Amino acid sequence: MGLLSRQCLDEMGFASVGARVRISDKASFYGCGNISIGDDVRIDDFCVLSAGPGGIFIGKHVHVAVFSSLIGAERIVLEDFSNISSRVSIYSNTDDFSGECMTNPTIPERFVNVRKAAVVVGRHVVIGAGTVILPGVTLGEGVAVGALSLVKDDLEDFGVYAGIPVRYIRPRSRKVLEVEKEFMAQRAVW
């Protein structure tokens, strides 16, 4: 994977870019001035980040895997230590599919009914490959979402969820919080 240089990242006009980021030169970015990227972030090949006025905010130690997309007019937040597996799609806006109006971005606003709502992916969340996250969803801290799931409602902290739409499967271990403390203590001596 070829990586964008720090100079290139600075020239792209992001709102902010942290230290030690690794971003593929094959990823695409739209609305860079509305995108903030924290320290130690990795964004892989063929990802698309398209930020509207609400912006995209990526915390520290976040991975966005190959072919994933974060798209929308409203705010999208990926909190620290979250992991977005390959082909995950996160939307903070969506067209009205009822047939009562028209759809797609080539149609003037008065003929469409776009629903816009922020999406928050909490700390230590892992989202399985091929999952779709719809507008207005908050994934609580430590949530694990199985592959090929559809998330249309909020998910409670430290739960394992899967399905279309997702349903609660079981609790997820909170040991990751202890591991984080150990990691941060080790990192302090680097």
Side-chain angles (χ1 to χ4, degrees), residues 1-18 21-97 101-122 125-139 145 147-152 154:
M1 174 171 76
L3 300 176
L4 294 171
S5 68
R6 183 63 198 211
Q7 178 181 347
C8 183
L9 291 171
D10 292 341
E11 290 170 358
M12 290 173 72
F14 288 101
S16 64
V17 177
V21 297
R22 293 173 291 157
I23 298 178
S24 170
D25 60 0
K26 293 177 184 72
S28 298
F29 298 90
Y30 304 91
C32 290
N34 295 328
I35 299 174
S36 296
I37 301 170
D39 297 339
D40 301 296
V41 168
R42 181 175 136 187
I43 300 173
D44 291 349
D45 292 346
F46 312 114
C47 290
V48 176
L49 280 71
S50 180
I56 296 174
F57 301 86
I58 301 175
K60 297 176 182 176
H61 297 283
V62 173
H63 176 225
V64 181
V66 63
F67 288 107
S68 290
S69 59
L70 285 70
I71 299 173
E74 287 298 321
R75 184 179 187 96
I76 297 174
V77 177
L78 304 180
E79 293 184 0
D80 296 350
F81 304 106
S82 57
N83 185 50
I84 310 303
S85 298
S86 60
R87 297 189 186 278
V88 168
S89 297
I90 300 174
Y91 299 100
S92 67
N93 62 276
T94 185
D95 286 311
D96 179 341
F97 290 86
C101 53
M102 296 180 73
T103 64
N104 88 55
T106 69
I107 305 299
E109 195 170 325
R110 68 186 182 108
F111 298 105
V112 299
N113 180 25
V114 176
R115 178 174 173 257
K116 302 172 186 174
V119 174
V120 177
V121 175
V125 167
V126 59
I127 301 173
T131 293
V132 175
I133 311 292
L134 295 179
V137 169
T138 295
L139 282 69
V145 178
L148 301 172
S149 293
L150 173 66
V151 182
K152 60 184 189 71
D154 293 351

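Keep in mind the model is a prediction, meaning the values are calculated, not measured.
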Tell me, which pairs form a salt bridge (charged side-chain N to carboxylate O under 4.0 Å, His left out) where one or both residues lie in [range], sequence neighbours left out?
range: residues 56-71; result: none
range: residues 21-31; result: none
range: residues 84-95; result: none

Next item on the list: Please confirm whether the backbone N or O of G59 pairs with a side-chain atom of D80, one donor and one acceptor, at under 3.5 Å?
Entry: no
Any side-chain heavy-atom pair from [X] and [Y] closer than 4.5 angstrom?
X: V48; Y: Y30; value: yes
X: M1; Y: V66; value: no
X: L4; Y: M12; value: yes

Next item on the list: For S24, check side chain to side chain donor-acceptor pair (under 3.5 Å) against everything at least two apart and list the hits.
Entry: D45
Next item on the list: Show your reasoning for whether side chain to side chain contact (heavy atoms under 4.5 Å, CB included) applies to M102 and N104.
Entry: CA-CA 7 Å; M102 296 180 73; N104 88 55; over 6 Å; no
Quick one: pull up [atom1] in [X] and [atom2] in [Y] and give me the separation to the nearest 0.5 Å.
X: C8; Y: L3; atom1: SG; atom2: CG; result: 11.0 Å
X: C47; Y: R42; atom1: SG; atom2: CZ; result: 9.5 Å
X: I23; Y: R6; atom1: CD1; atom2: CZ; result: 9.0 Å
X: I58; Y: I84; atom1: CD1; atom2: CD1; result: 9.0 Å
X: S92; Y: I56; atom1: OG; atom2: CD1; result: 7.5 Å
X: E74; Y: T94; atom1: CD; atom2: OG1; result: 13.5 Å

Notebook entry, point to check: Of all residues at least two apart in sequence or in a different chain, which pass the salt bridge (charged side-chain N to carboxylate O under 4.0 Å, His left out) check with R75?
Noted result: none
Next item on the list: Measure up the F46 and F67 rings against each other and bin them: parallel (under 30°), tilted (30 to 60°), perpendicular (over 60°).
Entry: parallel
Check: residues 108-122 side-chain donor-acceptor pairs under 3.5 Å, at least two apart:
unit_1: N113; atom_1: ND2; unit_2: D96; atom_2: OD2; d: 3.0
unit_1: R115; atom_1: NH1; unit_2: P135; atom_2: O; d: 3.1
unit_1: R115; atom_1: NH2; unit_2: P135; atom_2: O; d: 3.3

Note to self: Here's a test for you: under side-chain contact (heavy atoms from CB on, under 4.5 Å), which of T131, I43, V88, L49 qualifies with S68?
What the structure shows: V88
Item checked: Identified side-chain contact (heavy atoms from CB on, under 4.5 Å) partner of S50 from the options I35, I71, L70, N34 -> I71
Which atoms form the tightest heavy-atom contact between [X] and [Y], and what is the distance?
X: S85; Y: G128; answer: CB-C, 3.7 Å
X: L78; Y: S82; answer: CB-OG, 3.7 Å
X: A15; Y: S36; answer: CB-OG, 3.5 Å

